[in-house]
Amino acid sequence: QVQLVEPGGGLVQAGGSLRLSCAASGSTFSTAVMAWFRQVAGKERELVAAMSRSGGRRYAIDSVKGRFTISRDDAKNTVDLQMTSLKPEDTAVYYCAARPFASLSLDQSAYSYWGQGTQVTVSS
C-alpha cells in the first residue's frame, strides 16, 4: 500500500513559480513510477509529468516542457513538481500518483495510488 499526501498548491500570478510536493508512505516508494496529473473541472484528467523508478526516464507534456520539472527523493519518499513561468491555463487540481513495481506509463488507469489533489490557481 502507498499513501500519497500533497500539501501545497495555492494562488500565484502569471509568470510566477510554485513547487508542489507529494509525500509517500510505505516501503515501495523506490519501486514506483511517480507522476503528476492535473484536472480542470469538466475536463479529462491529464498527465503532466512522470518519472521512472530510477529517475532515469522522465516525461512531460509539450505544454509544460521547459517550465515544469519533476524530481524525486527516494530517501525522503517525496516527489516534487517545480513549476515556473506559470500561465492561467495551468490552473487545475494537481494530483500525484504512484505505480509500484512497473514501468513508466502515460495512461492514468495504470496508476494504482493517488493523492487527494491540490488546487493550483494562476491569475492573469
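Because only heavy atoms are used, hydrogens play no part in the values below, and waters and symmetry mates are left out as well, while side chains stay in. This structure is a prediction, so every number in the text was calculated from the model and none was measured.
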Check: With sequence neighbours left out, what residues match Arg57 under salt bridge (charged side-chain N to carboxylate O under 4.0 Å, His left out)?
Finding: none
Checklist line | With sequence neighbours excluded, residues passing salt bridge (charged side-chain N to carboxylate O under 4.0 Å, His left out) with Lys87 | finding: none
Would you compute the distance between atom [atom1] of [X] and atom [atom2] of [Y] and round it to the nearest 0.5 angstrom?
X      : Y     : atom1 : atom2 : answer
Gln82  : Ser21 : CD    : OG    : 10.5 Å
Arg67  : Leu86 : CZ    : CG    : 6.5 Å
Leu81  : Cys22 : CG    : SG    : 10.5 Å
Leu104 : Tyr59 : CG    : OH    : 9.5 Å

Check: Excluding sequence neighbours, so at least two apart, what forms side chain to side chain contact (heavy atoms under 4.5 Å, CB included) with Ala32?
Finding: Met34, Ala98, Pro100
Margin query: Could you work out, with side chain to side chain contact (heavy atoms under 4.5 Å, CB included) as the rule, every residue matching Ser25, not counting sequence neighbours?
Written below: Gln3
Margin query: Using the rule that Ile, Leu, Val, Met, Phe, Trp and Tyr join whenever any side-chain heavy atoms are under 4.5 Å apart, tell me whether Val40 and Leu18 fall into a single cluster.
Written below: no
Considering all heavy atoms, the nearest [X]-[Y] contact:
X      : Y      : answer
Ser105 : Ala110 : OG-CB, 3.4 Å
Leu11  : Ser123 : CD1-CB, 4.3 Å
Leu47  : Ala50  : CD1-CB, 4.3 Å
Val64  : Val48  : CG2-O, 3.9 Å
Met83  : Leu20  : CE-CG, 3.7 Å
Val33  : Ala102 : CG2-O, 3.2 Å

Next item on the list: Mind checking ring pair (Phe, Tyr, Trp, His ring centres under 6.0 Å) for Phe68 and listing every partner two or more places apart, or none if nothing turns up?
Entry: none
Item checked: ring pair (Phe, Tyr, Trp, His ring centres under 6.0 Å): pairs with one or both residues in residues 2-52, sequence neighbours excluded -> Phe37-Tyr111, Phe37-Trp114
Item checked: Pair Glu46-Ile61, side-chain contact (heavy atoms from CB on, under 4.5 Å): steps then yes or no -> CA-CA 9 Å; Glu46 67 170 352; Ile61 56 175; 4.0 Å; yes
Residues in side-chain hydrogen bond (donor to acceptor under 3.5 Å, both in side chains) with [X], at least two apart?
X      : value
Gln119 : Thr121
Asp74  : Arg72
Ser112 : none
Ser109 : Asp107

Checklist line | Where at least one partner belongs to residues 5-26, residue pairs that pass salt bridge (Lys or Arg N to Asp or Glu O under 4.0 Å), sequence neighbours excluded | finding: Arg19-Asp80
Checklist line | side-chain hydrogen bond (donor to acceptor under 3.5 Å, both in side chains): pairs with one or both residues in residues 91-103, sequence neighbours excluded | finding: Arg38-Tyr94
